[in-house]
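Protein chains get the first letters and strands the later ones, always in sequence-line order, with residue 1 at the start of each.
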Number of protein chains: 2
Amino acid sequence: MTDTGGGGRRRSETTRTAILAAARERFAADGYERATIRAIAKDANIDPSMVMRYYGNKEGLFAAAVSVDLKLPDLSRLPRPEVGEALVLHFLHLWEENEVLTALLRVGVTNQAGAERMQGIFGEQLLPLARQVCPDPEQHPTRAALIATQLLGLALTRYVLRLPPAVALRAEEVVAWLAPTVQRYLTAPNP
Amino acid sequence: MTDTGGGGRRRSETTRTAILAAARERFAADGYERATIRAIAKDANIDPSMVMRYYGNKEGLFAAAVSVDLKLPDLSRLPRPEVGEALVLHFLHLWEENEVLTALLRVGVTNQAGAERMQGIFGEQLLPLARQVCPDPEQHPTRAALIATQLLGLALTRYVLRLPPAVALRAEEVVAWLAPTVQRYLTAPNP
DNA sequence: CCGGTTTGCCAACGCTTGTTGGCCAACGCT
DNA sequence: AGCGTTGGCCAACAAGCGTTGGCAAACCGG
C-alpha cells in the first residue's frame, strides 16, 4: 500500500480535504437535500465522480464531513457559580468558529441519520458535564437535555433561523442572559 | 363520505382541505424538500396535478398549509409571577395538538421562505406579549427573542430531534424547569 | 525508460421531481 | 334535453439528482 511518508505527499489528500471543506460549507448553508454533490464538487473544483470515489456515496460524505468534538471544558476546576457562564461562552465561540455545528443542526432536522448523530453528540458529550457538577446520577440526562434545550435554541434562532433580535444580541448580552439559566439547569435542586 | 351540508357545497372544498391536511402532515414529518407533491396527493387520494390546480405550485401549497395563530393568552390578566408558567404550558399544549408548528420549524430550518415566515410569526406574535409585561419598549424585541430561544429550543429537542431525555420529560417537569427561565426573560431587570 | 498505480474528467444511466396540457365524466342551470 | 362549467385523471415533459464505468494523463518505483 502507498505510504504518504517520504518524498512527496499524494495530491489526493489535497482534494480530499477540499471536498470536505466544500461539503461542510454546503451542508451548513443548504441542509442535506439541497446540498448537491454536484455543487460541492464544483466548489472544490473537481468532478462529482471524485466525490463518489473518495467517500462512496452522499451519506458517507456527510459522515466524513461532520465529525464534531464539542471540546467541553473541565468544569470541576471552576468555581461553582461560574460554570453556567463558562458553558454559554464556550458554546458561543464554538458555534461561531465552526460551521460544522450549523451543518449538523440543519441536517439533523430533516434527516434521520443526522438527528441520531446529534443525539449521540449531545447525549455523550453533555452528559459527563452534568456528571461533574450534579451529584444525583439519576438527574444527569434530564439536566443535560435541559441545557441542550437552551443552547440549541440559541443556535437555532441566532444562526439558523436568524431571527433579527437574536442575531443583534452581542455576545456579552447573550452570556448575561443565558448563563443563569444554564447555571440553574446544571446546579439547582430538582424543583 | 361526509356531507358538508347545506344545498350541496362544491366537492372541491372537500379535497382542498384534504390536500391541506395531507400537506401539513407531510411537511411536519419530512420537511420541505422530502415532502413531495406526489406523496401529498397520494395521501389525499387525488392526482398530483390537482394540487397544482388549487395551489399553483409547491410554495403556494406550503404557504396555504402553514398558517399559524399562536393564540397567545392575555398575560395582563394574570398575576405577574405566573406569566412564565402560563406561557410554557400554553406552548406545550399548542405544540402537541398542532403539527403545523413542527412543519414550520422543520421547513424554516432548510427553506428561506420558511425561515422568514417563522420570523414573522414569532416576531409579531411574541412581541406584543413582551409589551404587556415589560415597561421599556426598547427591550421588547430582545426579550421576545430570548423567550423564542428557550421555547423553540424545547420544541427542537423534544419534537424534532427527539432527544430521548427531552422526550421523556413529563409536561409538569418541563413547566417546572422552564417557567422560571421564561419568567426571568420576560420580567427580570436588564442584567 | 517502462509498466502499474493513482488522479481526474467525461458521458451517460436510471430515477424522481415539479409542472403542464389535454381529455373525460359529472354536475347544474335554463 | 342541451350546454357550459367544474372536478378529476392520465400521460408526458424538462430538469436535476445520485451514481457508474470507461478512458486519458500524470506520477513513480524499478
Side-chain angles (χ1 to χ4, degrees), chain A residues 1-23 26-27 29-66 106-107 110-114, chain B residues 1-23 26-27 29-66 106-107 110-114:
Chain A
M1 210 50 127
T2 64
D3 143 22
T4 53
R9 181 169 296 168
R10 279 273 185 274
R11 172 137 182 69
S12 72
E13 283 304 315
T14 307
T15 62
R16 264 194 143 93
T17 61
I19 291 175
L20 282 191
R26 283 285 179 179
F27 281 131
D30 300 336
Y32 190 80
E33 337 284 337
R34 301 175 75 132
T36 69
I37 289 197
R38 284 172 154 93
I40 292 169
K42 181 175 281 186
D43 288 358
N45 280 106
I46 42 93
D47 191 86
S49 63
M50 298 303 297
V51 178
M52 308 301 297
R53 258 246 252 286
Y54 287 145
Y55 298 101
N57 55 25
K58 193 177 181 181
E59 272 196 40
L61 172 64
F62 175 72
V66 178
R106 272 222 161 87
V107 173
T110 35
N111 190 271
Q112 180 59 23
Chain B
M1 257 324 204
T2 63
D3 179 16
T4 50
R9 183 173 295 167
R10 278 274 183 276
R11 172 136 180 71
S12 74
E13 283 303 317
T14 307
T15 61
R16 265 194 142 93
T17 62
I19 292 174
L20 282 192
R26 283 285 179 178
F27 280 132
D30 301 337
Y32 190 81
E33 337 283 338
R34 301 174 75 129
T36 69
I37 289 195
R38 285 173 155 92
I40 292 169
K42 181 174 281 187
D43 287 358
N45 280 105
I46 43 95
D47 191 87
S49 63
M50 298 303 298
V51 178
M52 308 300 297
R53 261 247 251 286
Y54 288 144
Y55 298 101
N57 54 25
K58 193 176 179 180
E59 273 197 40
L61 172 64
F62 175 73
V66 178
R106 272 224 161 85
V107 173
T110 34
N111 190 270
Q112 181 58 23

For DNA chain C, consecutive-pair runs of 3 or more (Watson-Crick or G-U wobble, both H-bond-type distances under 3.5 Å) give C:1-30 with D:1-30

Applying a 4.0 Å non-hydrogen cut-off, can you work out what B/Y55 is touching in the nucleic acid: base, sugar-phosphate, or nothing?
nothing

Residues which pass salt bridge (Lys or Arg N to Asp or Glu O under 4.0 Å) with A/R16, listed by chain and number, not counting sequence neighbours:
none

Contact string for nucleotides 16-25 of chain C, one letter per nucleotide 5' to 3', B = base within protein heavy-atom range under 4.0 Å, S = sugar-phosphate only, - = neither, reads -BBBBBB---

A/I19 has an atom CD1; how far is it from atom C1' of C/dG8, in whole Å?
11 Å

Write down the distance between CD1 (A/I40) and P (D/dG16), rounded to a whole number of angstrom.
17 Å

Could you give the distance from OG1 (B/T15) to CG (B/L20), rounded to the nearest 0.5 Å?
9.5 Å

Looking only at heavy atoms, what is the nearest atom pair of B/I19 and B/I40, with distance?
O-CG2, 4.0 Å

Who passes side-chain hydrogen bond (donor to acceptor under 3.5 Å, both in side chains) against A/E33, sequence neighbours left out?
B/R34

Plane angle bin for A/Y32 and A/F62 - parallel if under 30°, tilted between 30 and 60°, otherwise perpendicular:
perpendicular

Could you tell me the separation between the CD1 atom of A/I46 and the C1' atom of C/dC9, rounded to a whole number of Å?
10 Å

Indicate every side-chain donor-acceptor pair of residues 44-54 of chain A with a distance under 3.5 Å to a residue at least two apart or in another chain.
| residue | atom | partner | partner atom | Å |
| --- | --- | --- | --- | --- |
| A/D47 | OD2 | A/S49 | N | 2.9 |
| A/D47 | OD2 | A/S49 | OG | 2.7 |

How would you list, by chain and number, every residue that makes a side-chain hydrogen bond (donor to acceptor under 3.5 Å, both in side chains) with B/D43, sequence neighbours excluded?
B/R26

